[in-house]
Colleague: 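Can you read through this structure? Questions will come right after.
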Protein chains: 2
Amino acid sequence: MVSQAEENYLKAIFKISEKEVKAASTNAIAAEMQTTAASVTDMLKRLAEKNLIDYEKYRGVQLTAEGNRVATVLIRKHRLWEVFLVDHLGFAWDEVHDLAEQLEHVQGNALIERLDRFLGHPKFDPHGDPIPDAEGRWTLRPQALLATLKPGDRGVVTGVEDHSPAFLQYLDQMGLSLGAEIELLERFPYDQSVRVRTQAGREVSLSEKVGQNLYVKIS
Amino acid sequence: MVSQAEENYLKAIFKISEKEVKAASTNAIAAEMQTTAASVTDMLKRLAEKNLIDYEKYRGVQLTAEGNRVATVLIRKHRLWEVFLVDHLGFAWDEVHDLAEQLEHVQGNALIERLDRFLGHPKFDPHGDPIPDAEGRWTLRPQALLATLKPGDRGVVTGVEDHSPAFLQYLDQMGLSLGAEIELLERFPYDQSVRVRTQAGREVSLSEKVGQNLYVKIS
DNA sequence: TAATTTTTTTAGATTAATCTAAATTTTATA
DNA sequence: TATAAAATTTAGATTAATCTAAAAAAATTA
């Protein structure tokens, strides 16, 4: 049995490992989990004991195949529940994270596979993040940060790097929800801010920070 | 904050109090929770400390208004999730208890109210048990145990006393799922077993035990 | 009502998950 | 490469939830 706390640590290690090549450090995990390094060390011992991670003192950790599997299933569950909350219960995309964080821990293979079927086997969640299938396979989508587009480039908003409600609500206000069409008109070297044309021919200015957190599929 | 363990105890006390007039005893709670009397005593102290129950040593317990509210919300959540699992995910009525047991602990008022709306504000769960509304009000339905019917009485199956998968599956096989029409043809004094006509003119014999666990609305 | 049985509580542990403070190891730097 | 700084682990506690065994109280019965 993998406890909820253990599952959460595995997910945190998975997320860190996605971004960094090297082993996930105790401090990085502590930051991700919003806890202390000492608590992380305690947990790492337990996870290593259960063969969910490879752990060598002072050397950081990596998920084992089994640890990776558990984390992937957890992410699958989290994202499927997010689709349910948005598509069927009418929640906004900035409201579903905490609920999915709880729902992902509900155990039962039949549940998640039936939910997946009910939802129509979605490949992406409401934030554009890919949903691994029952075998743990990921669907990758060619997308680029808005910050890398050149003037004249057009595309469709496909995802976000920053998942904070503040950012998501800001995007809603700018008409930049998932699926919105977008054209980069101009980039200002002074602060790397950009001017873009959105959906209804509306023009808006976006800071470099926004550009670093918004994914677009160039068309 | 009320922990999951505390919620489960409150629900157990609620269930016992439904049947018995007097205060719920430590042993009755231990039996319901499948744990030891010592564990129950420990928990009762904690629940009393939080003013969720009235507890006097050796005297059994009763829910306070707040404890009753927490238990009622928990039952509401459990039964709404059961409706979702059966009506939308296609689970059978004997498969949903354990999943609902987990889902009922997911916190979030908006979630349960949106789920309720999505489901169409159901008044009864897949076993015929009433679902309290957001204000904790119960819908009562005039129903009688099959064991109390007289020959010639007709009615519709509206609920079960025994929720075990074995009983529910047996009912499915007999054509006695919720909503099934039924007519009591004869009762045998020898063992109180009955002969009934079900849905498609089919005649079946049912033991006294079945009669004590099946609710019918006489028409 | 006294003795016995049953019920309940207490005492003393255990486990998972967490913490702070101190010690140790690794990494960076002068 | 010493030394200082940063990262990590260990030591020692705490809390919630549970347990077994023993003690105490309540209920039953002879």
Side-chain angles (χ1 to χ4, degrees), chain A residues 1-13 16-17 19-63 67 70-71 74 101-102 104-107, chain B residues 1-13 16-17 19-63 67 70-71 74 101-102 104-107:
Chain A
M1 264 302 340
V2 184
S3 73
Q4 293 198 189
E6 288 166 347
E7 285 187 330
N8 286 334
Y9 272 93
L10 293 173
K11 193 171 64 161
I13 295 166
I16 293 162
S17 303
K19 291 180 193 165
E20 300 184 28
V21 187
K22 38 181 187 156
S25 72
T26 300
N27 263 0
I29 298 167
E32 178 72 29
M33 295 292 297
Q34 311 221 66
T35 184
T36 63
S39 299
V40 173
T41 300
D42 286 347
M43 180 56 91
L44 294 183
K45 289 179 189 166
R46 252 171 286 150
L47 293 173
E49 187 61 41
K50 292 189 176 187
N51 288 308
L52 294 164
I53 59 171
D54 289 323
Y55 172 49
E56 237 187 305
K57 263 188 179 188
Y58 296 104
R59 288 279 115 95
V61 298
Q62 283 193 306
L63 295 177
V70 173
L74 200 66
E101 204 80 350
Q102 297 180 66
E104 69 189 8
H105 295 294
V106 174
Q107 301 294 322
Chain B
M1 266 304 334
V2 183
S3 73
Q4 291 198 190
E6 289 166 344
E7 285 188 331
N8 286 334
Y9 273 92
L10 292 174
K11 194 172 62 160
I13 296 166
I16 293 163
S17 301
K19 290 180 193 166
E20 299 185 28
V21 187
K22 40 183 185 155
S25 72
T26 299
N27 264 0
I29 299 167
E32 178 72 30
M33 294 291 297
Q34 311 221 66
T35 185
T36 63
S39 300
V40 173
T41 300
D42 286 348
M43 180 57 91
L44 295 184
K45 288 178 189 166
R46 252 171 286 148
L47 292 173
E49 186 61 42
K50 293 189 177 187
N51 287 306
L52 294 164
I53 59 170
D54 289 323
Y55 171 49
E56 237 187 307
K57 264 190 178 184
Y58 295 104
R59 289 278 115 95
V61 298
Q62 282 192 305
L63 295 176
V70 173
L74 200 66
E101 204 80 351
Q102 298 180 65
E104 70 189 6
H105 294 295
V106 174
Q107 300 294 322

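Atom set for the values below is all heavy atoms of this structure, side chains included, hydrogens, waters and symmetry mates excluded. Chain naming here is simple, since letters A, B, ... match the order of the sequence lines and numbering starts at 1 in each.
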Colleague: For the NZ atom of Lys22(B) and the CZ atom of Arg59(B), what is their distance to the nearest 0.5 Å?
Modeller: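 With rounding to 0.5 Å, NZ (Lys22(B)) is 12.5 Å from CZ (Arg59(B)).
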Colleague: Any residue in residues 5-13 of chain B with a heavy atom nearer than 4.0 angstrom to DNA chain C? Just list them by number, or reply none.
Modeller: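 Within this stretch, nothing sits under 4.0 Å of the strand.
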Colleague: Between atom NZ of Lys11(B) and atom NE2 of His105(B), what is the distance when rounded to the nearest 0.5 Å?
Modeller: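 It comes to 6.0 Å.
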Colleague: First and last nucleotide of DNA chain C touching chain A, 5' to 3', heavy-atom cut-off 4.0 Å?
Modeller: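 The contacted stretch runs from dA16(C) to dT27(C).
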Colleague: Which residues satisfy the side chain to side chain contact (heavy atoms under 4.5 Å, CB included) test with Ala23(B), sequence neighbours excluded?
Modeller: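 Result, side chain to side chain contact (heavy atoms under 4.5 Å, CB included) vs Ala23(B): Gln62(B).
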Colleague: Less than 3.5 Å apart, which donor and acceptor atoms pair up between the side chains of residues 32-44 of chain B and the rest of the protein, not counting sequence neighbours?
Modeller:
| from | atom 1 | to | atom 2 | distance (Å) |
| --- | --- | --- | --- | --- |
| Thr36(B) | OG1 | Ser39(B) | N | 3.3 |
| Thr36(B) | OG1 | Ser39(B) | OG | 2.9 |
| Thr41(B) | OG1 | Ala37(B) | O | 3.2 |

Colleague: Please identify each residue that fulfils side chain to side chain contact (heavy atoms under 4.5 Å, CB included) with Ala48(B), with sequence neighbours left out.
Modeller: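 Partners of Ala48(B) under the side chain to side chain contact (heavy atoms under 4.5 Å, CB included) test: Ile53(B), Tyr55(B).
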Colleague: Closest heavy-atom contact between Leu52(B) and Val2(B)?
Modeller: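 Looking at all heavy atoms of both residues, the shortest contact is CD1-CG2, 4.2 Å.
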Colleague: Is there a side-chain contact between Val61(B) and Leu47(B) in this structure, where contact means two heavy atoms from C-beta onward sitting under 4.5 Å apart?
Modeller: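 When only atoms from C-beta onward are counted, Leu47(B) and Val61(B) do not touch, as no gap falls below 4.5 Å.
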Colleague: For Gln102(A), what residues pass the side chain to side chain donor-acceptor pair (under 3.5 Å) criterion, not counting sequence neighbours?
Modeller: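 Per chain and number, Gln102(A) pairs via side chain to side chain donor-acceptor pair (under 3.5 Å) with no residue.
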Colleague: Lys50(B): what forms a salt bridge (charged side-chain N to carboxylate O under 4.0 Å, His left out) with it, not counting sequence neighbours?
Modeller: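 Salt bridge (charged side-chain N to carboxylate O under 4.0 Å, His left out) list for Lys50(B), sorted by chain: Glu6(B).
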Colleague: Are side-chain heavy atoms of Lys57(A) and Thr26(A) found at a separation under 4.5 Å?
Modeller: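 No. Closest side-chain heavy atoms not under 4.5 Å.
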Colleague: So how far is it from Leu10(B) CG to Leu63(B) CG, rounded to the nearest 0.5 Å?
Modeller: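 The CG atom of Leu10(B) sits 6.0 Å away from the CG atom of Leu63(B).
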Colleague: Identify, residue by residue, the members of residues 22-35 of chain A with a heavy atom below 4.0 Å from DNA chain C, and return them in order of residue number, or none.
Modeller: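 By residue number: Thr35(A).
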Colleague: With sequence neighbours excluded, what pairs up with Gln107(A) under the side chain to side chain donor-acceptor pair (under 3.5 Å) test?
Modeller: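 With sequence neighbours excluded, Gln107(A) shows a side chain to side chain donor-acceptor pair (under 3.5 Å) to Glu7(A), given in chain and number order.
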Colleague: Find every protein N or O atom lying less than 3.5 Å from an N or O atom of nucleotides 23-28 of chain D, and list the pairs.
Modeller:
| from | atom 1 | to | atom 2 | distance (Å) |
| --- | --- | --- | --- | --- |
| dA25(D) | O4' | Tyr58(B) | OH | 3.4 |

